[in-house]
Amino acid sequence: MNSPHLAPQDLGEIISMAVAPVFLISSLIAYLGVLSARSTRIVDNLLMLNANEEELISLQKQRLRCIAVAFREVTIAATLVCGVVICLFVNVGLRQDLSLIVSLLFISAMALVVHSLITFHRELQLAIRSGRLKFPGSL
């Protein structure tokens, strides 16, 4: 089996193209850390609430659902960006034109990140509402 020869300059070019998606993956992982920390706080808040604080419990559950959706979407987006990096190397290594696949993967990842950020904003609004209920007049 004969593997295609990859010139050093081609490899350098593909590594250069892969740097931006790798930075994006790093930032998405940091975002996952934020979401993880917030979900832990929400669970802690739920555990401290009394059964008679139904409205606060409902808000905390809504917050947890928002975080779960955002977490899932960012995880999928990071996976898709990893797919972009893989396709960039396959594109050069096998001399295949995968530009359409790379574009679709990247667009899908960005759409998921945008929706995740909107969902995260929704969770923040619920957190503020929860704070206002718990401490009226403070927010």
Side-chain angles (χ1 to χ4, degrees):
M1 191 161 124
N2 202 4
S3 63
H5 177 64
L6 188 60
Q9 64 270 19
D10 290 339
L11 187 57
E13 181 182 324
I14 195 63
I15 290 172
S16 295
M17 287 190 307
V19 167
V22 169
F23 280 116
L24 176 58
I25 292 166
S26 297
S27 65
L28 292 177
I29 290 170
Y31 181 37
L32 286 171
V34 169
L35 294 173
S36 179
R38 290 190 70 83
S39 66
T40 301
R41 298 258 334 232
I42 294 167
V43 170
D44 289 345
N45 289 342
L46 270 170
L47 293 173
M48 292 188 327
L49 292 173
N50 298 323
N52 61 349
E53 297 177 289
E54 294 169 20
E55 192 172 359
L56 284 170
I57 291 171
S58 174
L59 284 172
Q60 296 304 308
K61 287 181 178 180
Q62 289 176 48
R63 289 180 64 198
L64 201 51
R65 280 191 291 275
C66 286
I67 290 294
V69 168
F71 205 95
R72 181 180 59 242
E73 289 176 343
V74 172
T75 302
I76 294 168
T79 304
L80 292 175
V81 175
C82 288
V84 166
V85 173
I86 291 168
C87 285
L88 289 174
F89 280 94
V90 168
N91 191 48
V92 170
L94 297 180
R95 307 273 191 240
Q96 298 292 316
D97 182 14
L98 300 177
S99 56
L100 179 61
I101 294 171
V102 168
S103 297
L104 290 174
L105 287 172
F106 194 77
I107 290 167
S108 299
M110 291 302 96
L112 284 166
V113 169
V114 167
H115 190 263
S116 172
L117 290 168
I118 291 167
T119 304
F120 182 55
H121 181 264
R122 170 83 176 126
E123 186 274 329
L124 290 171
Q125 295 301 314
L126 290 167
I128 291 168
R129 196 165 135 208
S130 179
R132 286 184 179 143
L133 280 174
K134 188 126 178 135
F135 305 103
S138 64
L139 299 173

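From a predicted model like this one, the values you see are computed outputs, not experimental measurements.
In this structure, CG on L64 lies 9.0 Å from CD on E123, to the nearest 0.5 angstrom. A distance of 5.0 Å separates CD in Q125 from CD1 in I128, rounded to the nearest 0.5 Å. Put simply, CZ on R65 and CD1 on I42 are 11.0 Å apart, with the number rounded to the nearest 0.5 Å.
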Side-chain donor-acceptor distances from residues 79-88 under 3.5 Å, at least two apart:
from, atom 1, to, atom 2, distance (Å)
T79, OG1, T75, O, 2.9

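Hydrophobic clustering keeps V114 apart from L104 (ILVMFWY residues linked when any side-chain heavy atoms are closer than 4.5 Å, directly or through intermediates). By the criterion of side-chain heavy atoms lying less than 4.5 angstrom apart, applied directly or through intervening Ile, Leu, Val, Met, Phe, Trp or Tyr residues, V22 is grouped together with L98 in one hydrophobic cluster. Note on F106: it does not cluster hydrophobically with F23, by side-chain heavy-atom contacts below 4.5 Å among ILVMFWY residues. Under the 4.5 Å side-chain heavy-atom criterion for Ile, Leu, Val, Met, Phe, Trp and Tyr, I29 and V19 are members of distinct hydrophobic clusters.
Minimum interatomic distance between L56 and L133 (heavy atoms only, all atoms of both residues): CD2-CB, 3.8 Å. Contact between A70 and S116 at its shortest, heavy atoms only, is O-OG, 3.2 Å. The two residues A18 and F89 have their closest heavy-atom pair at CB-CE1, 4.1 Å. Residues L35 and I67 come closest through the heavy atom pair O-CG2, 3.6 Å. Among all heavy-atom pairs drawn from C66 and L126, the shortest one is SG-CD1, 4.0 Å.
Residues Y31 and V113 form no side-chain contact, since every pair of their non-hydrogen atoms from C-beta on lies 4.5 Å or further apart. By the 4.5 Å heavy-atom criterion applied to side chains, I118 and E73 are not counted as neighbours. Contact annotation: the side chain of V69 approaches that of R72 to within less than 4.5 Å [non-hydrogen atoms, C-beta and beyond]. Between N45 and M48 the shortest side-chain heavy-atom distance falls below 4.5 Å. Looking at L124 and R38, their side chains come closer than 4.5 Å, going by heavy atoms from C-beta outward.
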Kindly determine whether L49 and K134 satisfy side chain to side chain contact (heavy atoms under 4.5 Å, CB included), including the steps that lead there.
CA-CA 10 Å; L49 292 173; K134 188 126 178 135; 3.8 Å; yes

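T119 contributes a side-chain N or O that, together with a main-chain N or O of H115, makes up a donor-acceptor pair within less than 3.5 Å. With D97 contributing its side chain and S99 its backbone, the two residues share a donor-acceptor pair below 3.5 Å.
Inspection of the R63 and Q60 side chains reveals an N or O donor paired with an N or O acceptor under 3.5 Å.
Annotation for I107: hydrophobic cluster partners, listed by chain and number, are none (ILVMFWY side-chain heavy atoms under 4.5 Å, direct or chained).
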